[in-house]
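What follows is one structure encoded as structure tokens, with my remarks underneath.
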Protein chains: 2
Amino acid sequence: MGENNKHDEKKITPRKSDFSQWYLDVIRVADLVEHGPVKGTMIIKPYGYAIWENIQKEFDKRIKETGVENAYFPLFIPYEFLQREKSHVEGFSPEVAVVTHAGGEELTEPFVVRPTSETIMYDAYSRWVTSYKDLPVLINQWANVVRWEVRPRLFLRSTEFLWQEGHTAHATAKEADERAQLMLSIYKKFAEEFLAMPLYTGKKTDSERFAGADITYTTEAMMQDGKALQFATSHNLGDKFAKVFNLKFTDENGDTKYCYQTSWGMSTRSIGGLIMVHSDDRGLVLPPKVAPVQVVVVPVWPKEEFKNEVNSEVEKIMNELKVDFRVKADLSDERVGEKLYKWEKKGVPVRLEIGPRDIKEGCVVLSRRDTGEKITVKRDELKKKIFNLLEEIQENLYRNALKRMEENTERVETYDDFKKAIDNKKFVLGYWAGSSEDEKQLKTETMATVRCFPFEHEDESGKCFYTGKDGAKLALFARSY
Amino acid sequence: MGENNKHDEKKITPRKSDFSQWYLDVIRVADLVEHGPVKGTMIIKPYGYAIWENIQKEFDKRIKETGVENAYFPLFIPYEFLQREKSHVEGFSPEVAVVTHAGGEELTEPFVVRPTSETIMYDAYSRWVTSYKDLPVLINQWANVVRWEVRPRLFLRSTEFLWQEGHTAHATAKEADERAQLMLSIYKKFAEEFLAMPLYTGKKTDSERFAGADITYTTEAMMQDGKALQFATSHNLGDKFAKVFNLKFTDENGDTKYCYQTSWGMSTRSIGGLIMVHSDDRGLVLPPKVAPVQVVVVPVWPKEEFKNEVNSEVEKIMNELKVDFRVKADLSDERVGEKLYKWEKKGVPVRLEIGPRDIKEGCVVLSRRDTGEKITVKRDELKKKIFNLLEEIQENLYRNALKRMEENTERVETYDDFKKAIDNKKFVLGYWAGSSEDEKQLKTETMATVRCFPFEHEDESGKCFYTGKDGAKLALFARSY
């Protein structure tokens, strides 16, 4: 159902020959997403959306464990709200979609479709918060946002995308920064444990900071083409927004103070990253924890006469497995090879084949999506074996991605080595004390940007490879999506 | 957190003196929702949104059991799509919000913010479906939609609201109608079992039909003021949309045919209904199954010296109950009376009080939100007792609502009796053979509309009380939200 038959060319371009085309091919053959009629919008198809649902469910659980509650704020924001925070409006006004007509009439005051919700949420917080007893405010929303895209790319850059945006208010600057860093650590754990995606974490430079933030913390993942993808960000907003939205509280001593705030978000873009980290030339590869289907059962009928016998065995297996796994049986009339190929393209971690001989011998054949390995398993060990196999696959995918990231991260001392490394599609670590102007210049010369100042190298400092200044911090550079 | 302190007037207007004000008061004191800055939009606050999350979780499970998958389609729809189905555009164009500017430029082709997604989804289906093997298409989406409201009311009528919209495509008219009726039966069971809301179900008249549907099936609930609230609808769209969006398939014999379709939806409006069916003059009343907090634990410290002893007992109780129930402990420094009152207003089904004497005697005191009854319970029976109590409350709320609906539904033979019954705030059953014109006239004369032709009376027919025509079907009338 929902298969895009008319366009289903089965060919997948190899990663080496054209990575961007490979990405689009993987998305097409796995039937994840397609472009909508309005430029830059996307239609997330059932199989692609099921991935997002699994991401939502797990991440929602993790943030609620830290005391966050969900709420919902309006899609429409008065333009005047956006304008209150200077750098915020400069950052977003070029990207907003504006509603000028509604209910058959021209509006006296046009409004924008939210590109992000700081302004409308903090205006509400300023009504809700009066005393220190009302703090902290810890609210998240799952929503669609719109940012006009000139060069849209499915999942990676779309005019409309789905995300969660968390927005908190605190009594002290310290507590706000701790919350911003806590959420970043949750993104990191979530990406590594659930999506098998290793990440660099650190601080953004001033020029890469979120429009309106004091500090932007980021998580950066390495794609198989060596480019960086910003997975999720967490912002320490200081009291900037609190001041323009008059978000104040009375403390224990009766003094009136401004709140300190954070915001943090992860979007459907993460699915694009998930694809580009794990998938291969045979199609999509999904870590078991996020896979909509973890095990697909494919019956083998060498002759029609075996159909009933095999199918009733398949039913037994389904009933046995569906308690613990997301499992699906493919009883369609396609040829076995076609079925195995179809589910391989869709990245199902484990495919299970069973035919008349297997039934006689009391076993089934499992194939691993990550390694392609085939394993014959006794029926009475099936459940335990699948459980272990899914764990192995999850770990194996993470190990491979981590190895790739480590092997392709290079430290440089000179600008020449920097350029070589970037041209060799590496993540580059080097001391950096450049200005925003220098960052622009570096980008025009090498197409690389500062991804972050990694936490793991916070204590190191040395001579900037670009400006020659001493006492420079170690920065991570890469070309990026 | 998120309490609306500045506006928290504790007064609740009694239902009898002003039902609309009572509704607004209940919403305010329970802290569920408030108006957004753009007219007609709403900010769903954490406690209100938690109700929606519970509705989503349960309903999503129920529709997936029927084979429905979730997906996501764009917020923005080309205006031209809307125009393809004549009655559809007539129905919706007066309500749509139009985006004319984006990315800092005026758009060559303006587009609308989705009021509903038939057009954009069926355009996609026409690309996805080629063969009978691709059918049925069974897709749902959870999304925000925008319909411009002149007279907005929180939850009941808002410019932006949240909903699910299911959209299916089938090979035959029969299968489509069966799906439309299946989904209606799921809405009915969901409302009755989960929300404790009894419903009338039936067919809409031509004039009340969804813009573009062949048949609209509806579920109608009775509010405490005798008005009807349309809870959810399910539409048999026939092949109208399939024809304008060229949604065709090749059947087993190689013949090309148009699909038959359904759409069906339930929105945040249902929360407004939930409030007006169960709540009372003391505030919100929630059925346990949908309540964000099912049990609130309130410690009683007659003296500060007891605080630690009582709190450690509260912790034990929490650990015992949180496994099976949604439970919360109120350890704030408010007075016990204040706390009990606060959670009463929020409609928590069971409040649990425990103090030093209770600990000595090995018991706690439970109070029921629905009846106000207080029960002393032995600690070792607590879990079992709460389990039974929550079931009793759920059933009691349903029984009361059903009794009210039955007692306030009146059968009439004449137009005079009809007018009397409507003025007495009744649901009215009467034979009806009127035209759409007659419905308009009836509405101007009595403010009542035909809610539906109830399924349970399908076989009855008689003399129309308004036109005098024979062979009229029995219809349900009411004033409505």
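Below, read A as the first sequence line, B as the second, and so on, with proteins coming before strands; counting in each chain starts at 1.
In this structure, the ring pair (Phe, Tyr, Trp, His ring centres under 6.0 Å) partners of His167(B), at least two apart in sequence or on a different chain, are Tyr122(B). With sequence neighbours left out, Phe73(B) forms a ring pair (Phe, Tyr, Trp, His ring centres under 6.0 Å) with Trp128(B).
Of the two parts of Glu53(A), only the side chain, counted from C-beta on, holds a non-hydrogen atom closer than 4.5 Å to a non-hydrogen atom of chain B. Looking at Pro78(A), both its backbone and its side chain come within 4.5 Å of chain B, counting heavy atoms on both sides. The part of Val96(A) that comes within reach of chain B is its backbone (N, CA, C, O), which places non-hydrogen atoms under 4.5 angstrom from that chain. The part of Phe81(A) that comes within reach of chain B is its side chain, from C-beta onward, which places non-hydrogen atoms under 4.5 angstrom from that chain. For chain B, no part of Lys39(A) is nearby; none of its heavy atoms comes within less than 4.5 Å. Contact of Val146(B) with chain A is made through the side chain alone, with heavy-atom distances under 4.5 Å.
Closest non-hydrogen pair, Ala71(A) versus Gln141(A), comes out as O-CB, 3.2 Å.
Using a 4.5 Å heavy-atom threshold, the side chains of Glu65(A) and Lys61(A) count as touching. Contact check for Gln164(A) versus Asp60(A): no side-chain heavy atoms found under the 4.5 Å cut-off. A 4.5 Å side-chain heavy-atom check between Phe249(B) and His170(B) finds every atom pair outside the cut-off.
Only one option out of Leu135(B), Asp134(B), Thr168(B) pairs with Cys259(B) in a side-chain contact (heavy atoms from CB on, under 4.5 Å); it is Leu135(B).
If you tally non-hydrogen atom pairs under 4.5 Å between each of Val150(B), Asp333(B), Thr41(B) and chain A, the highest count goes to Thr41(B). With chain A as partner, the option from Pro74(B), Ala97(B), Pro37(B), Gly104(B) having the largest number of non-hydrogen pairs under 4.5 angstrom is Pro74(B). Note: Asn70(A) leads Leu162(A), Val33(A), Asn70(A) in heavy-atom pairs under 4.5 Å with chain B. Most heavy-atom pairs under 4.5 Å with chain B: of the set Glu149(A), Arg147(A), Lys64(A), this distinction falls to Lys64(A).
Listed by first and then second residue, the salt bridge (charged side-chain N to carboxylate O under 4.0 Å, His left out) pairs that reach into residues 114-124 of chain A are Asp123(A)-Arg127(A), sequence neighbours excluded.
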Working note: Trp163(B) + Ser270(B), criterion side-chain contact (heavy atoms from CB on, under 4.5 Å); need CA distance, chi angles, decisive distance, verdict. CA-CA 10 Å; Trp163(B) 77 344; Ser270(B) 59; over 6 Å; no

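A 6.0 Å sphere centred on OH of Tyr260(B) holds no more than 12 heavy atoms belonging to other residues, nucleotides or ligands.
A salt bridge does not link Glu175(A) with Arg179(A): none of the charged nitrogens is closer than 4.0 Å to a carboxylate oxygen.
Interface with chain A: from residues 105-113 of chain B, residues Leu107(B), Phe111(B), Val113(B) qualify, criterion being any non-hydrogen pair under 4.5 Å.
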